[in-house]
Amino acid sequence: MGSVVVVGSQWGDEGKGKIVDWLSERAEVIVRYQGGHNAGHTLVIDGVKYKLSLLPSGVVRPGKTSIIGNGVVLDPQALLSEIEKMRGQGVEVSPDTLKVAENVPLILSVHRDLDGLREKAAGASAIGTTGRGIGPAYEDKVGRRAVRLADLNDTDTIESRIDRLLAHHNALRTGLGADPVSAETIRAELEAARPVLAYTAPTWRLLREARGAGKNILFEGAQGAMLDIDHGTYPFVTSSNTVAGSAAAGSGVGPSSLDMTLGITKAYTTRVGNGPFPTEQTNEIGQLLGERGAEFGTVTGRKRRCGWFDAVMVRQAVETGGIDRLALTKLDVLDGLDELKICVAYEVDGERMDRLPVETARQSRVQPIYETIKGWSGSTYGARSWGELPAEAVKYVRHVEELVGAPVAMLSTSPERDDTILVEDPFHI
Ligand code: GDP
Ligand code: IMO
Ligand code: MG
């Protein structure tokens with residue numbers, strides 16, 4: 001019994017939602033601890049698709065407790081609409097099954113506006129954010145001027161909090177050529193957020209009790225290691241720590257409560273938004289991976305950039321994020337390719353490197369050094385046992401393990417929940 005932290009090891013969209021949904025059969029509590037509704041996690045269960053942004057991916061299984069931890073930035077309207085959407089799909093979400101941290105900072109219209117204004121002002125150097133107000137909301141949290149969920153109950157301080165927030169935002173808005181926002185507008189937004197209060201709880205205590213009672217806990221990361229605010233391709237990153245250590249601070253448990261980290265890893269690489277991408281294929285291979293893998297963003301519908309598997313990057317994610325095991329996804333997308341490439345090292349300004357340089361300009365000059373390996377002609381699509389995999393596909397998986405320095409515990413072979421091969425149970429490692 002224990003806890004498993006699920007993180008992305010690339011630039012997000014590795015298939016975290018599918019793996020969390022599958023694993024949540026074995027867990028009683030599923031926790032989101034960073035990011036917000038910039039995340040888009042897709043589950044497919046008996047042909048029915050569920051798209052989640054804020055709700056943990058265990059929510060579709062009855063009888064589980066879903067927690068949104070303090071490390072998330074919460075757009076109350078986005079949460080309320082997602083709850084309605086899930087109910088429309090027959091999923092039960094109630095204050096008994098969903099618990100939201102009292103101290104979670106809120107995303108308000110000023111955050112969405114600022115995200116958009118800044119991206120527009122940046123022109124060609126825009127980050128390509130999801131436009132959800134994630135970055136500005138984290139800035140306000142760290143700047144100690146956020147309005148947090150429980151503040152809605154605090155009539156003594158709410159007005160001064162609104163004033164403090166608007167003093168900051170209206171100065172920025174004026175500088176960026178936008179109209180100031182009135183306290184009345186923010187008050188109305190906070191009023192509309194009241195229904196979320198029904199879900200609040202001291203989630204840190206619930207987690208402690210769950211662990212004390214020997215329950216399995218699953219921590220569901222959003223984004224991926226290369227979008228981490230410290231370890232990613234800064235400044236083309238998101239505004240939170242996406243590495244596993246974030247699960248402790250972002251939910252209110254100690255680091256010793258995190259037993260193992262599962263790094264969800266796509267069998268090739270994708271990225272949505274701007275920034276360096278050494279193995280990107282802006283050719284027919286990239287096109288093919290995108291079409292076969294249906295690589296369109298869940299949140300913004302943007303086309304994802306596609307390329308070969310980058311073992312240097314994933315090894316770095318394993319090392320910086322403490323990834324113990326991999327869950328390899330979308331192997332089926334590589335079916336039928338004559339040969340496959342894997343990036344095994346970088347060349348930067350004539351120097352061979354086994355890690356990503358830190359400087360943005362050097363990152364964009366990285367030349368991948370590839371190893372070419374034989375593909376497989378058979379199909380891995382929908383395989384549910386190791387024995388169904390073509391020998392060359394097994395070789396590919398083994399080679400990935402060796403190059404990135406972490407063994408594969410799970411393999412996913414289609415979007416469907418049960419098209420999954422369990423090699424080693426993450427709760428028993
Ligand atoms: P997340 O953000 O990490 O949860 O990933 P997304 O849900 O944004 O994107 C992953 C996409 O790949 C979704 O459309 C999934 O349904 C799909 N998917 C997940 N695993 C597999 C797989 O093994 N094979 C294929 N073909 N699709 C998969
Ligand atoms: P999941 O959880 C892929 C990217 C955006 C942009 C950068 C910053 O589904 O894997 P932000 O709105 O966070 O300030 O945008 O991060 N990004 C993601 N890319 N998957 C995600 O989440 C992402 N969340 C943010 O495209 O490049
Ligand atoms: Mg996604």
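Read the numbers this way: they start at 1 and go in the same order the structure lists the ligands and their atoms.
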Does [X] approach ligand 2 within less than 4.0 angstrom via side chain, backbone, both or neither, non-hydrogen atoms only?
X	answer
Leu227	side chain
Val237	backbone
Arg271	neither
Trp11	backbone
Arg132	neither

Does an N or O from [X], backbone or side chain, lie closer than 3.5 Å to an N or O of ligand 2?
X	value
Asn38	yes
Asp115	no
Gly12	no
His41	yes
Ala222	no
Asn274	no
Thr130	yes
Thr238	yes
Asp13	yes

Tell me the closest heavy-atom pair linking [X] and [Y], and the distance in Å.
X	Y	result
Met260	Ile429	CE-CD1, 3.7 Å
Pro426	Leu262	CG-CD2, 4.2 Å
Tyr33	Val6	OH-O, 3.7 Å
Gly35	Ser240	N-OG, 3.8 Å

Any idea which part of [X] is under 4.0 Å from ligand 1, heavy-atom wise: side chain, backbone, both or neither?
X	value
Pro415	both
Arg304	side chain
Lys18	side chain
Thr413	backbone

What's the spacing between Asp21 CG and Ser57 OG if we round to 0.5 Å?
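It is 7.0 Å, given to the nearest 0.5 Å.
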Output the distance between atom CD (Glu14) and atom CG (Leu326), rounded to the nearest 0.5 Å.
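If I round to the nearest 0.5 Å, the distance is 11.5 Å.
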Any donor-acceptor pair under 3.5 Å linking the side chain of [X] with the backbone of [Y]?
X	Y	result
Asp151	Arg148	yes
Gln363	Pro357	yes
Gln316	Leu356	yes
Asn70	Ala249	yes
Thr265	Gly263	yes
Glu82	Leu54	yes
Asp228	Val243	yes
Ser53	Ala39	yes

Heavy-atom contact under 4.0 Å between [X] and ligand 1?
X	answer
Gly8	no
Ala294	no
Gln10	no

Quick one: which ligand 2 atoms are inside 4.0 Å of a heavy atom on [X]?
X	result
Ala39	1 (P), 2 (O), 9 (O), 22 (O)
Arg302	5 (C), 26 (O)
Val272	3 (C), 5 (C), 19 (N), 26 (O), 27 (O)

If you count the atoms of ligand 1 from 1 in the order shown, which ones are under 4.0 Å from a heavy atom of Gly40?
1 (P), 2 (O), 4 (O), 6 (P), 7 (O), 8 (O)
For His41, counting its heavy atoms only, list the atoms of ligand 1 lying under 4.0 Å from any of them.
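With His41 as reference, the close atoms of ligand 1 come out as 1 (P), 2 (O), 4 (O), 7 (O).
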Among Gly273, Gly275, Gly128, which residue places a heavy atom closest to atom 6 (C) of ligand 2?
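Shortest heavy-atom distance from atom 6 (C) of ligand 2: Gly128.
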Can you figure out which of Thr42, Asp332, Val20 has its heavy atom closest to atom 7 (O) of ligand 1?
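That would be Thr42.
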Tell me whether Gly8 reaches ligand 2 (any heavy atom closer than 4.0 angstrom to a ligand atom).
no
Within the structure, is a non-hydrogen atom of Arg304 found at a distance of less than 4.0 Å from ligand 2?
no
In terms of the angle between their ring planes, are Phe309 and Tyr396 parallel, tilted or perpendicular, with boundaries placed at 30° and 60°?
perpendicular
Protein N/O/S atoms under 2.8 Å of the Mg ion (ligand 3)?
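Protein N/O/S atoms under 2.8 Å of the Mg ion (ligand 3): Asp13 OD1, Gly40 O.
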Can you tell me the protein heavy atom closest to atom 15 (O) of ligand 2 and the distance?
Thr129 CA, 3.3 Å
What's the shortest distance from atom 10 (O) of ligand 2 to any protein heavy atom, and which residue and atom give it?
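Going by distance alone, atom 10 (O) of ligand 2 is nearest to Lys16 NZ, 2.6 Å.
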Side chains of Asn38 and Gln223, donor plus acceptor under 3.5 Å
yes
Whether the Lys18 and Thr420 side chains hold a donor-acceptor pair (N or O, under 3.5 Å, no angle test) is what I'd like checked.
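Note: Lys18 and Thr420 side chains meet the donor-acceptor criterion.
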